[in-house]
Amino acid sequence: MTLALLRRGLRISLGVAGLLVASTLSAAAQDPDPLGKLEQNNRVTIELLLDSAKVAGLPSQPLLSKALEGIAKKAPGRNIVDAVRKTLGYLRTARTVLGTVDDQELVAAAAVIEAGAKPNHLEQFRPRKKGRTDIEAFIVWADFLQRGVPSEEASTAIARLWQDGADDETFRSLWSNVQADISQGLNPGTALQNRIREAPGRASPVTVKPPEGQQENQSSR
Amino acid sequence: MTEPELHPYVEWIAREAQRPVITDSAARDRIMAAVRAEPAPRRLGIWSRVVRPRSFTLSPLAGTLVAAGLVGMGVFVGTRTNDRDGQSTVGQPPVAVAPRLPVSDTVVRFVYVAPQAGKVYLVGDFNGWDTNKTPLVRSSTDGVWTVTLPLTAGRHLYGFVVDGSWSTDPRAPLAPDDGFGHANSVKFVRRGTSL
């Protein structure tokens, strides 16, 4: 009888072991490899970049996201690697300028540098105020640069608003107005100059000469 | 053929073996009484059964299966408690290898106007840039496409795929050039807000 019990127990154990093996293999098969569509060498390079970010104390999620974005947009593998590498560089620069900040703020600041701002323009955002985030300011700043507002003008305007204590709504409103003006055909730099005068707070108008060869009613895009 | 002469010692053994055994008629009763006088074997408890040594006989195939099961369990547990650097992730926030739709109390509504479009998808860092995961629904006959989904607080990059073509959100700021030939939009989600 004891022998029969032992045999039954053994059968159950073997069954459980088999199920575990099967479930493990199944789980491994179902766990999608996010970088699986990349060629091996590109994939390894990106994984090294992810590790570099971790070692440097930088968020690796933006790098992975950039790689996934490239895959989704069917970009060549080499372009994806380049884009991920550049993103890591922007994050490093932002960290160097701003010091220890929240990951989200760091990513937003990196995007500003990526859009064309000079790192030293970011230094004005280094003093932190508790409970205040500069993410919205950085987003609007990067958008202005992306839409063709000259870097110096955009940087000065955003920095002044920030130093004057503008809140997120002020930045959003400024963006909305400038974007509307640009859509109407106004020169991006001029659109910003016009709208910054209307912004609440003590922000002074930006006095930067419009670039030569540009008309006020001419769209930059 | 004559029968071979047996050794006297062998003959003695044979005689003894053939000699009828005369037993005392009371012997059986004495033996049974002695057996009954012995204490009954104690019933083993669960712990005693568990810790009592046992011997198992396994075929090579069965042994291989058991070993594979144990290794599989180890791999399964290991991959969920250690990151790629071998660092323990127990007690740490999970690092998403594949970005997943976040669980959040912040609900965001995305709108895209495309009267002529047949299919519109929302694609961004919040869904792993999956071009088929988050379809927008045409909510009216005037070509307004919408989708509402929970997002974590923070800055999110996204775009729309309209009938296979990438497009930005005209209602949102632009992100820097993505390096892949398509611009992205940005949405900053504050915690607890509903947009």
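Order of the sequence lines fixes the chain letters, A, B, ..., with proteins taken first and strands second; residue numbering starts at 1 for each chain. All values derive from a computational prediction rather than experimental measurement.
- With respect to chain B, the highest number of heavy-atom pairs below 4.5 Å among A/Gly70, A/Ala83, A/Ala142 belongs to A/Gly70.
- Side chain to side chain, A/Gln61 and B/Asp125 fail the donor-acceptor criterion of an N or O pair below 3.5 Å.
- Under a cut-off of 6.0 angstrom, the local environment of CD in B/Glu11 is crowded, with over 12 non-hydrogen atoms contributed by other residues, nucleotides or ligands.
- Heavy-atom neighbours of chain B within the stretch residues 95-114 of chain A, taken at a separation under 4.5 angstrom, comprise A/Gln104, A/Val107, A/Ala108, A/Ala111, A/Glu114.
- When side chains are defined from C-beta on, A/Arg172 counts as touching B/Pro173, because their heavy atoms get closer than 4.5 Å.
- Of the possible donor and acceptor atoms, none in the side chain of A/Glu69 sits under 3.5 Å from a partner among the backbone N and O of B/Gly124.
- Your options are B/Val123, B/Asp177, B/Thr131, B/Val186, and the one with the most heavy-atom pairs under 4.5 Å with chain A is B/Asp177.
- Interface remark: of the candidates A/Leu145, A/Ile71, A/Val140, A/Asp168, A/Asp168 forms the most heavy-atom pairs closer than 4.5 Å to chain B.
- Within residues 74-81 of chain A, the residues having any heavy atom less than 4.5 Å from a heavy atom of chain B are, in residue-number order, A/Ala75, A/Asn79, A/Ile80.
- Interface remark: A/Asp82 contributes no atoms to any contact with chain B (heavy atom separation under 4.5 Å).
- When every heavy atom of B/Trp129 is checked against every heavy atom of A/Ser65, the shortest pair comes out as NE1-OG, 2.8 Å.
- Across all their heavy atoms, B/Leu174 and A/Asp143 have their closest contact at N-OD2, 2.6 Å.
- Taking a 6.0 Å sphere around CD of B/Glu16, one finds it holds more than 12 heavy atoms contributed by other residues, nucleotides or ligands.
- Closest non-hydrogen pair, A/Thr133 versus B/Phe188, comes out as CG2-CZ, 4.3 Å.
- Checked against side-chain hydrogen bond (donor to acceptor under 3.5 Å, both in side chains), A/Asp134 has the following partners two or more places apart in sequence or in another chain: A/Arg128.
- Between chain A and the residues B/Leu157, B/Asn184, B/Val71, B/Asp130, the largest count of heavy-atom pairs under 4.5 Å involves B/Asn184.
- Contact tally against chain B (heavy-atom pairs below 4.5 Å) for A/Lys86, A/Gln179, A/Glu136: the top residue is A/Glu136.
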Which atom pairs, one a donor and one an acceptor, fall under 3.5 Å between side chains of residues 164-172 of chain B and the rest of the protein, sequence neighbours left out?
residue  : atom : partner  : partner atom : Å
B/Ser167 : OG   : B/Tyr112 : OH           : 2.7
B/Asp169 : OD1  : B/Arg171 : N            : 2.9
B/Asp169 : OD2  : B/Tyr158 : OH           : 2.7

